[in-house]
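One structure is given here, and the rest of the page talks about it.
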Number of protein chains: 2
Amino acid sequence: MRADAERNRGRILDAAEEVFAQRGAAASTEEVARLAGVAIGTVFRHFPTKEDLLAAILKRLLARLAEDAAGLGGADGLHTFFTRLVQQAAARRMVVDLVGVSVPAAVGRLGDAVGELLRQAQEAGTVRGDVGRPEVMALLVSVCQGALQGGWDEGLQARTLAVVFAGLAAR
Amino acid sequence: MRADAERNRGRILDAAEEVFAQRGAAASTEEVARLAGVAIGTVFRHFPTKEDLLAAILKRLLARLAEDAAGLGGADGLHTFFTRLVQQAAARRMVVDLVGVSVPAAVGRLGDAVGELLRQAQEAGTVRGDVGRPEVMALLVSVCQGALQGGWDEGLQARTLAVVFAGLAAR
DNA sequence: AACCATAATGAGTCTCGACTCATATTTCTA
DNA sequence: TAGAAATATGAGTCGAGACTCATTATGGTT
């Protein structure tokens, strides 16, 4: 791959992440091109379809989250990851709109990472033994979506998470 | 208002509810007109803007929910309402997309109804006294959104709600 | 029944955004 | 450094969907 092609590909991905995070997936490809400093044709050369572009940034995002999760663990790892993710979601409109774009492998890897955090938390006795990975993922998605919508302030977010954690807690 | 006008207004609202519930808010006004059996110009005569149409059905929907909630009460009222709402949400794509359309008065009335259910549940000792209406509403919105996304099956939905209820439960 | 205000009709306008492609430019290789 | 081959450019095409409006139809009234 030519040097300029690789450089542009990176710029486009960065620009797309920025634009879609702020304006949602409905933002135009035109705008991504403008921010990246390339012509619109270049965007379509690298990503033949808008959906391809969305899938690419979603994959990157999920990989980053999985990596983040891998750096945590112990009794509070799940708690920390959960809170961090919800905070990020509130700042990024993206998640809502990425519904429909799927990157199975990347989602699977994130699921594995969360499963591991859950296992450790259960081993440490922080979390009930009778909840599974699917419920935890479902709650994670739900609360992120909720946070995106309501424009929760910090206090409400904390209190809402507290209820969820109480539900997950052992005893 | 002329008789045919009123009849058509009703048909349009019904058709819009059906179409947007199935296809999401991105469905075209054209399709609503077709299902209602009127010309597209008629839809725009009654609702000058697509957003007006969305707001109208959202208002009707929220009013119906508030009424539903008013018929419940006691120790399990909140539990029942919560479950029912999540089940409905799973069948309707609408909710996701209605983000952005706001009908403050109708939302307020639903909030009051939920607040009353919460009060009764707390009085009956079913729910912790230290959670407030905002958290409950936040959880309600979150879980509905989550259910819409993941294509939860019945079991996962039940287990996820169980965690939330455990978090809300007294003791 | 005749009248007209109100409403319905639907082809047409307009905007927007995804995607294309002929042309110009840049990188790399020999 | 000349010559491809790869890449970038951006005006243009295309389709979709929100919204308009001149015309036609209908309901209610005298």
Side-chain angles (χ1 to χ4, degrees), chain A residues 1-60 93-94 96-103, chain B residues 1-60 93-94 96-103:
Chain A
M1 197 198 251
R2 247 169 59 176
D4 56 346
E6 188 155 354
R7 181 174 7 102
N8 281 335
R9 191 189 165 85
R11 282 184 187 165
I12 290 166
L13 279 174
D14 291 342
E17 192 164 336
E18 168 84 16
V19 168
F20 291 135
Q22 291 194 342
R23 303 231 197 294
S28 71
T29 312
E30 179 76 38
E31 196 170 350
V32 171
R34 200 178 317 130
L35 183 61
V38 303
I40 190 164
T42 303
V43 176
F44 281 98
R45 162 172 268 271
H46 286 278
F47 306 95
T49 280
K50 186 180 179 180
E51 183 155 344
D52 291 333
L53 179 55
L54 286 170
I57 63 176
L58 179 56
K59 187 174 162 189
R60 229 172 55 156
R93 311 212 73 272
M94 205 182 337
V96 167
D97 302 316
L98 287 180
V99 180
V101 179
S102 88
V103 188
Chain B
M1 197 197 253
R2 247 169 59 176
D4 55 346
E6 187 155 356
R7 180 171 11 100
N8 282 334
R9 191 188 164 84
R11 282 185 187 165
I12 290 166
L13 279 174
D14 290 342
E17 191 164 337
E18 168 83 15
V19 168
F20 291 135
Q22 290 193 343
R23 302 229 197 298
S28 70
T29 312
E30 179 78 38
E31 196 168 351
V32 172
R34 200 178 316 130
L35 183 61
V38 301
I40 191 166
T42 304
V43 176
F44 281 99
R45 161 172 268 271
H46 287 278
F47 306 96
T49 280
K50 186 180 179 180
E51 184 156 343
D52 291 333
L53 179 55
L54 286 170
I57 62 177
L58 179 57
K59 187 174 163 189
R60 229 172 56 155
R93 310 213 73 270
M94 206 182 337
V96 166
D97 302 317
L98 287 181
V99 180
V101 178
S102 88
V103 188

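Side chains included, hydrogens not; waters and symmetry mates left out as well; all remaining heavy atoms used. Throughout, protein chains are lettered first and strands after them, A, B, ... in sequence-line order, and every chain is numbered starting at 1.
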Full working for salt bridge (Lys or Arg N to Asp or Glu O under 4.0 Å) between A:R60 and A:D14: CA-CA 10 Å; A:R60 229 172 55 156; A:D14 291 342; 3.0 Å; yes

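- OP1 or OP2 of D:dT7 has not a single side-chain nitrogen or oxygen of A:H46 nearer than 4.0 Å.
- In this view, B:R45 satisfies the salt bridge (Lys or Arg N to Asp or Glu O under 4.0 Å) rule with no residue, not counting sequence neighbours.
- Taking atom CZ of B:R45 as the reference point, atom C1' of D:dT23 lies 14 Å away to the nearest angstrom.
- The two residues A:F44 and A:K50 make their nearest non-hydrogen contact at CE2-N, 4.4 Å.
- Shown here for A:A15 and A:V32, the closest heavy-atom pair between the two residues is CB-O, 3.6 Å.
- At whole-Å resolution of the value, CD in A:E6 and P in D:dA6 are 16 Å apart.
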What does the list of N/O pairs under 3.5 Å between the protein and nucleotides 28-30 of chain C look like, with a distance for each?
from, atom 1, to, atom 2, distance (Å)
C:dC28, OP1, A:A3, N, 3.3

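- In this structure, CG of B:N8 is placed 11 Å from C1' of C:dT9, rounded to the nearest angstrom.
- Closest non-hydrogen pair, A:A27 versus A:R23, comes out as CB-CB, 3.7 Å.
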Go through B:R11 and B:N8 one step at a time and tell me if the side chain to side chain contact (heavy atoms under 4.5 Å, CB included) criterion holds. CA-CA 5 Å; B:R11 282 185 187 165; B:N8 282 334; 3.9 Å; yes

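- Across all their heavy atoms, B:E18 and B:L35 have their closest contact at CG-CD2, 3.6 Å.
- Whole-Å rounding puts the B:R23 CZ to D:dG17 P distance at 11 Å.
- The two residues B:L53 and B:A16 come nearest to each other via the heavy atoms CD1-CB, 3.9 Å.
- Spacing between atom CD1 of B:I12 and atom C1' of D:dA18 amounts to 15 Å, rounded to whole angstrom units.
- When each of D:dA8, C:dA7, D:dT9 is scored by its nearest atom to the side-chain atoms of A:V38, the top-ranked nucleotide is D:dT9.
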Under 4.0 Å protein heavy-atom contact, by nucleotide of nucleotides 15-22 of chain C - B base, S sugar-phosphate only: --SSBB--

Carefully, step by step, assess B:F47 and B:T29 under the rule side chain to side chain contact (heavy atoms under 4.5 Å, CB included). CA-CA 11 Å; B:F47 306 96; B:T29 312; over 6 Å; no

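- Residue B:R34 contributes atom CZ, which lies 13 Å from atom P of C:dG10 at whole-angstrom precision.
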